[in-house]
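Bear in mind that the values here come from a model prediction, so they are computed numbers and not experimental data. We use all heavy atoms of the structure for the numbers below, so side chains are in, but hydrogens, waters and symmetry mates are not.
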Amino acid sequence: RSAEFMWRLLRSRALVATLPRTRALVAGAAAVSLGAATSTALAEPAAPPPSAPPPPAAAASSPLDPIRDAYNSVRDAVYDNVIKPYAEPSRDKLLPDQTPQARERPTLVLGLDGCLIESTWSRQYGWRYVKRPGLDRFLASLAPYYELVLWTDAMNTADPVVDRLDTRRLIRHRLYRDTTTFRDGMHIKDLGALNRDLRKVLIVDSAAECFSLHPEHGIALTPYKSADDPEQEDRELAKLVRFLVYLAVTRKEDLSAELRELRGGAAAGDDVGTAFEKKLPELKEAGKLFVPRKGAIGPTLWDRLRSK
């Protein structure tokens with residue numbers, strides 16, 4: 001028993017003696033681990049910024065691309081060489097350049113068939129033409145104030161017909177089908193191709209579709225039918241004379257704006273000529289119909305319009 005007691009005592013003393021050393025080893029190991037973690041954290045580089053997304057991959061070429069390119073080339077060649085001469089105006093400037101003096105005069109474009117004349121065909125008589133009532137006076141009244149331009153979708157073979165209706169050659173220029181723009185089955189009259197200031201251009205025609213590119217510049221008349229007017233009482237041309245002379249004599253800067261204003265104040269169902277006849281007393285009362293001469297007083301525009 002003495003021997004066993006002495007053995008236990010010695011072992012316990014050995015354990016007590018080694019305890020500080022063990023604690024030191026544990027503390028040292030912990031310090032080493034903390035230092036390593038800190039150095040690792042400090043030495044770890046910052047995360048790189050997000051990189052830009054890769055560019056989209058180019059569209060994969062199709063085996064049909066050569067066929068599509070060949071089709072487009074043939075289509076463009078057919079349009080430029082076959083269709084374009086008939087679908088677009090034959091020249092860039094439809095009317096010649098104006099002199100500085102001539103620029104003061106506005107331009108009035110007139111349709112032909114249904115507007116100035118009626119054309120009919122029969123097996124017995126062939127082509128026959130009837131002038132709209134008031135045509136001669138219409139041209140004679142406006143020729144001193146406007147550059148008159150006849151524009152029709154007929155071929156230039158209509159020249160003899162125009163010669164007969166305008167024996168005094170009051171119409172300055174004639175434009176035929178080759179100067180129109182073919183679109184959606186219609187021969188359209190592009191006023192922008194006239195080589196004129198659009199603010200000083202108006203068109204009178206029996207088909208509003210033909211000036212659909214510039215509707216604010218157009219006055220549409222009812223197509224003339226001689227069978228519906230046996231007494232020759234049609235006054236659509238005559239009613240326009242006063243309004244058109246008023247615009248020219250007063251030298252309005254923008255004819256389309258004046259036309260728009262007149263339409264805005266017109267009663268429902270009134271055409272341009274009727275609306276202006278109703279507005280004449282108002283203009284006279286406001287003193288807007290006075291055009292002074294140099295060195296003289298009068299006459300008034302009212303007097304001029306009454307003579308038309």
Side-chain angles (χ1 to χ4, degrees), residues 88-98 102-116 132 135 138-139 141-154 170-184 186-224 236-266 269-277 279 283:
E88 297 184 11
S90 57
R91 52 190 183 274
D92 295 333
K93 295 182 179 181
L94 300 184
L95 298 178
D97 294 337
Q98 289 179 302
R103 290 173 188 166
E104 297 294 328
R105 178 175 295 191
T107 300
L108 182 63
V109 179
L110 303 171
L112 180 61
D113 197 14
C115 180
L116 304 184
R132 191 169 202 148
L135 173 60
F138 178 81
L139 296 178
S141 300
L142 296 178
Y145 303 103
Y146 285 87
E147 176 190 33
L148 299 181
V149 178
L150 182 76
W151 200 350
T152 174
D153 60 0
L170 299 176
I171 297 175
R172 298 289 303 275
H173 305 283
R174 303 176 184 183
L175 301 176
Y176 294 101
R177 179 176 296 182
D178 65 296
T179 60
T180 61
T181 301
F182 190 74
R183 183 180 301 174
D184 298 329
M186 288 286 300
H187 290 280
I188 298 175
K189 301 168 185 179
D190 183 3
L191 302 180
L194 285 177
N195 189 32
R196 295 293 182 266
D197 183 356
L198 265 181
R199 297 176 304 168
K200 296 183 177 296
V201 176
L202 289 180
I203 179 172
V204 179
D205 209 299
S206 59
E209 296 84 1
C210 73
F211 53 80
S212 58
L213 295 180
H214 305 91
E216 66 278 7
H217 293 262
I219 301 174
L221 302 184
T222 303
Y224 182 65
E236 294 213 22
L237 289 178
K239 289 190 298 184
L240 285 179
V241 171
R242 289 185 175 182
F243 173 62
L244 296 174
V245 170
Y246 167 77
L247 294 180
V249 172
T250 53
R251 297 185 179 182
K252 299 298 184 181
E253 289 294 326
D254 190 342
L255 304 187
S256 63
E258 296 293 326
L259 180 59
R260 182 168 56 251
E261 180 181 350
L262 179 65
R263 284 172 169 159
D270 282 354
D271 55 31
V272 172
T274 302
F276 185 72
E277 287 181 353
K279 191 176 181 180
L283 294 174

Could you check if a side-chain atom of Leu221 sits within less than 4.5 angstrom of a side-chain atom of Leu237, using non-hydrogen atoms only?
yes
Treating Tyr146 as the side-chain partner and Leu244 as the backbone partner, does any N or O pair qualify as donor plus acceptor under 3.5 Å?
yes
Partners of Asp184 by salt bridge (Lys or Arg N to Asp or Glu O under 4.0 Å), sequence neighbours excluded?
none
Residue list, side chain to side chain donor-acceptor pair (under 3.5 Å) with Glu258, at least two apart or on another chain:
none
Going by the rule side chain to side chain donor-acceptor pair (under 3.5 Å), which residues pair with Arg199 if we only count those two or more places apart in sequence or in a different chain?
Asp197
Determine all donor-acceptor pairs shorter than 3.5 Å in which one atom belongs to a side chain in residues 209-216; sequence neighbours excluded.
| unit_1 | atom_1 | unit_2 | atom_2 | d |
| --- | --- | --- | --- | --- |
| Ser212 | OG | Glu209 | O | 3.0 |

By salt bridge (Lys or Arg N to Asp or Glu O under 4.0 Å), Arg174 pairs with (sequence neighbours left out) Asp159, Asp163
Quick one: side-chain contact (heavy atoms from CB on, under 4.5 Å) partners of Asp97, sequence neighbours excluded?
Lys93, Asn195
Atom CZ of Phe276 and atom CG of Leu283: how far apart are they, to the nearest 0.5 Å?
5.5 Å
Separation between CZ of Phe243 and CG of Leu202, rounded to the nearest 0.5 Å
7.0 Å
Donor-acceptor contact below 3.5 Å, side chain His187 vs main chain Arg177
no
Set of residues satisfying side chain to side chain donor-acceptor pair (under 3.5 Å) with respect to Asp113, sequence neighbours excluded
Ser119
Min side-chain heavy-atom separation Leu194-Val109 under 4.5 Å
yes
Please name all residues satisfying side-chain contact (heavy atoms from CB on, under 4.5 Å) with Arg263, sequence neighbours left out, ordered by chain then number.
Ile219, Leu259, Val272
For the atom pair CG (Leu108) and OH (Tyr145), what is the distance rounded to the nearest 0.5 Å?
14.0 Å
Shortest non-hydrogen contact from Asp271 to Lys239?
OD2-NZ, 2.9 Å
Would you say CZ of Arg183 has more than 12 non-hydrogen atoms from neighbouring residues, nucleotides or ligands within 6.0 angstrom?
no
Do Leu175 and Lys189 make a side-chain contact, defined as non-hydrogen atoms from C-beta onward lying under 4.5 Å apart?
no
With Ser256, which residues qualify under side chain to side chain donor-acceptor pair (under 3.5 Å), at least two apart?
Asp254
Apply side chain to side chain contact (heavy atoms under 4.5 Å, CB included) to residues Arg91 and Thr179 and explain how you reach the verdict.
CA-CA 7 Å; Arg91 52 190 183 274; Thr179 60; 3.8 Å; yes
Which heavy-atom pair separates Leu255 from Pro106 by the least distance, and what is that distance?
CD1-CB, 3.8 Å
Quick one: CG on Asp178 to CG on Asp153, what's the gap to the nearest 0.5 Å?
11.5 Å
Heavy-atom check, side chain of Leu112 versus side chain of Tyr176, under 4.5 Å:
no
What residues, two or more places apart in sequence or in another chain, satisfy salt bridge (Lys or Arg N to Asp or Glu O under 4.0 Å) together with Lys252?
none
Quick one: pull up OG1 in Thr152 and CG in Leu150 and give me the separation to the nearest 0.5 Å.
6.5 Å
If I take atom CG from residue Leu94 and atom NE2 from residue His173, how far apart are they, to the nearest 0.5 angstrom?
11.0 Å
Restricting to salt bridge (Lys or Arg N to Asp or Glu O under 4.0 Å), what partner residues turn up for Glu147, sequence neighbours left out?
Arg196
With Ser206, which residues qualify under side-chain contact (heavy atoms from CB on, under 4.5 Å), at least two apart?
Cys115, Pro223
